[in-house]
Amino acid sequence: MKKIFLFAAAVVAALTVNAKVIDLSAVGTTIADWTITEATLNASNSDEAAGKYVYDIKGGVASQSYITAEPDVVFQIQNGSDKAKAFVVYPGKCYEFGGKNGILILKGTKAGDAIKLTIAAKGDKNSNLKDDAGAYPKNAVFVTEDLVLPAKGSEGADEDGYFWREIELTSLGGDVEIKEFVNGYRIKALQIGAEQQAIDNIEAGEKTVKFFENGQLIILKNGVRYNALGAKL
C-alpha cells in the first residue's frame with residue numbers, strides 16, 4: 001500500500017481544541033449580568049451613567065464576582081484589614097481589583113490548557129504578578145517571564161492611560177489561581193484552552209486514533225504512539 005504522509009501546512013490534518021474566550025467588552029455588558037457576593041455597592045463613588053460600579057468589602061471578608069453566564073471565571077478579593085476595600089466593575093469594559101489581595105480563579109481547567117490574560121496596572125504604580133514565596137500561581141506555571149505591569153500613564157498606554165499586556169500561563173489541571181502582589185490591576189479579556197496543534201509527518205495507515213492523555217494529544221497509528229508534532233513516544 002502506498003505510504004501517505006500528512007503535512008500540516010499542506011493538508012488539513014490538525015486537531016483544533018476551541019479555547020474559551022471571555023472578552024469583557026462583549027460579555028457582562030450590564031451590571032445585571034454579574035453575580036457579586038459579600039460586597040456592598042458604594043453609591044457615592046459609583047457612576048452608573050458612566051458604567052462604573054464601586055464595591056466595598058468588610059474587613060476579613062472575601063467577595064467573589066463573576067459574569068453570571070461564566071461562573072467558572074471568578075474574581076475574588078479579600079479585605080485583610082478593618083477598613084472597607086473596593087473593587088470596581090466596568091460592565092462592557094473591564095474588572096478592576098482594588099488591591100493586591102485579588103485572586104483570579106479559573107475553575108476546571110485541563111492540564112496543558114493555554115491561559116492568556118489581557119491586563120494592566122490599575123494606578124500610578126507598577127503591578128507585579130511575581131510571587132517571591134512561590135505560592136502563586138496555583139496549578140499553573142507562567143510562560144511569560146516579565147510579570148511587571150507598567151503603571152498607568154507609561155509610554156505606550158492607551159487613550160485612557162492604561163498599558164495593557166498579555167500574560168501567558170500553562171495550566172497544570174484543576175482550579176487555577178492567579179494573584180498580583182503590589183497594586184491591583186485591571187483585566188479586560190482572557191482565554192483558556194489549547195490552540196490548534198499540528199500533526200506533522202505521521203505516516204498514515206488504515207486507521208489513526210487521536211485522543212488526549214494527561215492533557216497531551218496522542219495519535220495512535222498501527223499500535224505506535226505519536227505526539228502532536230509526529231514524534232514517536
Side-chain angles (χ1 to χ4, degrees), residues 22-107 117-131 133 135-138 147-154 157-165 167 175-190:
I22 298 179
D23 182 346
L24 295 184
S25 69
V27 294
T29 55
T30 71
I31 197 63
D33 296 330
W34 288 75
T35 296
I36 296 171
T37 68
E38 301 295 335
T40 303
L41 180 68
N42 186 324
S44 61
N45 288 333
S46 298
D47 186 344
E48 186 174 354
K52 176 182 178 182
Y53 297 84
V54 179
Y55 288 85
D56 293 333
I57 311 169
K58 293 181 180 179
V61 173
S63 173
Q64 291 193 337
S65 304
Y66 55 89
I67 299 168
T68 306
E70 298 289 351
D72 291 339
V73 176
V74 178
F75 307 94
Q76 175 177 292
I77 186 165
Q78 180 166 353
N79 186 357
S81 70
D82 58 357
K83 299 180 181 179
K85 194 177 190 71
F87 62 90
V88 189
V89 181
Y90 296 87
K93 188 174 183 180
C94 67
Y95 174 96
E96 180 179 285
F97 284 112
K100 63 182 180 180
N101 289 322
I103 298 175
L104 175 63
I105 303 172
L106 308 176
K107 297 182 179 179
L117 311 177
T118 305
I119 56 181
K122 75 173 183 68
D124 58 2
K125 296 180 180 179
N126 290 349
S127 296
N128 199 330
L129 298 171
K130 183 179 179 180
D131 180 11
Y136 289 90
K138 292 185 178 180
L147 300 177
V148 174
L149 308 178
K152 186 178 180 182
S154 298
D158 67 10
E159 59 184 10
D160 294 321
Y162 295 97
F163 188 101
W164 296 95
R165 291 197 58 203
I167 301 294
D175 294 353
V176 170
E177 296 186 12
I178 302 163
K179 191 175 187 295
E180 190 274 332
F181 291 87
V182 180
N183 193 44
Y185 67 98
R186 287 185 164 197
I187 178 168
K188 68 177 182 178
L190 58 95

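No hydrogens, no waters, no symmetry mates; every other heavy atom, side chains included, goes into these values. Numbering starts at 1 and runs along the sequence shown.
Distance check: I167 CD1 to L147 CG gives 5.5 Å after rounding to the nearest 0.5 Å. Interatomic distance, CD1 of I22 versus CG of L117, reported as 11.0 Å (0.5 Å rounding). With values rounded to the nearest 0.5 angstrom, I119 atom CD1 is found 8.0 Å from E180 atom CD. Rounded to the nearest 0.5 Å, atoms OG1 (T30) and OH (Y53) are 8.0 Å apart. Rounding to the nearest 0.5 Å gives a distance of 10.0 Å between CG of L104 and CG of L129. Within the model, atoms CG of D33 and CD of E70 stand 11.0 Å from one another, a figure rounded to the nearest 0.5 Å.
For F75, the ring pair (Phe, Tyr, Trp, His ring centres under 6.0 Å) criterion is met by W34, Y95, not counting sequence neighbours. Not counting sequence neighbours, D158 has no partner by the salt bridge (charged side-chain N to carboxylate O under 4.0 Å, His left out) test. A search for side chain to side chain donor-acceptor pair (under 3.5 Å) contacts involving S25 returns D23, not counting sequence neighbours. Annotation: side chain to side chain donor-acceptor pair (under 3.5 Å) contacts of Q76 (sequence neighbours excluded): Q64. E38 pairs by the side chain to side chain donor-acceptor pair (under 3.5 Å) definition with nothing, not counting sequence neighbours. The salt bridge (charged side-chain N to carboxylate O under 4.0 Å, His left out) test applied to K93 returns D160, not counting sequence neighbours.
The only member of F181, Y55, F87, Y185 that meets ring-ring contact (aromatic ring centres under 6.0 Å, His included) when paired with F97 is Y185.
The backbone N or O of A151 lies less than 3.5 Å from a partner atom in the side chain of S154, making a donor-acceptor pair. Put simply, the side chain of R186 never gets that close to the backbone of W164: no donor and acceptor are under 3.5 Å apart. With hydrogens and angles disregarded, no donor-acceptor distance shorter than 3.5 Å links the side chain of N45 to the backbone of V54. With K179 contributing its side chain and K100 its backbone, the two residues share a donor-acceptor pair below 3.5 Å. Remark: side-chain polar atoms of N79 are not paired, donor with acceptor, to backbone N or O of G60 under 3.5 angstrom. Within the 3.5 Å criterion, the main-chain N or O of I36 finds no donor-acceptor partner in the side chain of S65. Looking at D56, its side chain never comes within 3.5 Å of a backbone N or O of N42 through a donor-acceptor pair.
Between V74 and K107, the closest side-chain pair of non-hydrogen atoms falls below 4.5 Å. Residues I31 and V89 have side chains in contact (heavy-atom distance under 4.5 Å, counting atoms from C-beta outward).
Between G99 and K122, the closest heavy-atom pair is N-CE, 4.4 Å. In plain terms, the two heavy atoms of A120 and L149 that are nearest each other are C-CD1, 4.0 Å. Of all heavy-atom pairs between Y162 and E96, the closest is OH-OE1, 4.5 Å. Taking every heavy atom of both residues into account, S63 and I57 meet most closely at CB-CD1, 3.8 Å.
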Worksheet item: Which is it for V88 and K52 under the side chain to side chain contact (heavy atoms under 4.5 Å, CB included) test, yes or no, and what are the steps along the way?
Response: CA-CA 7 Å; V88 189; K52 176 182 178 182; 3.9 Å; yes
Fill in: Test log, rule side chain to side chain contact (heavy atoms under 4.5 Å, CB included), inputs D72 and L106
CA-CA 6 Å; D72 291 339; L106 308 176; over 6 Å; no
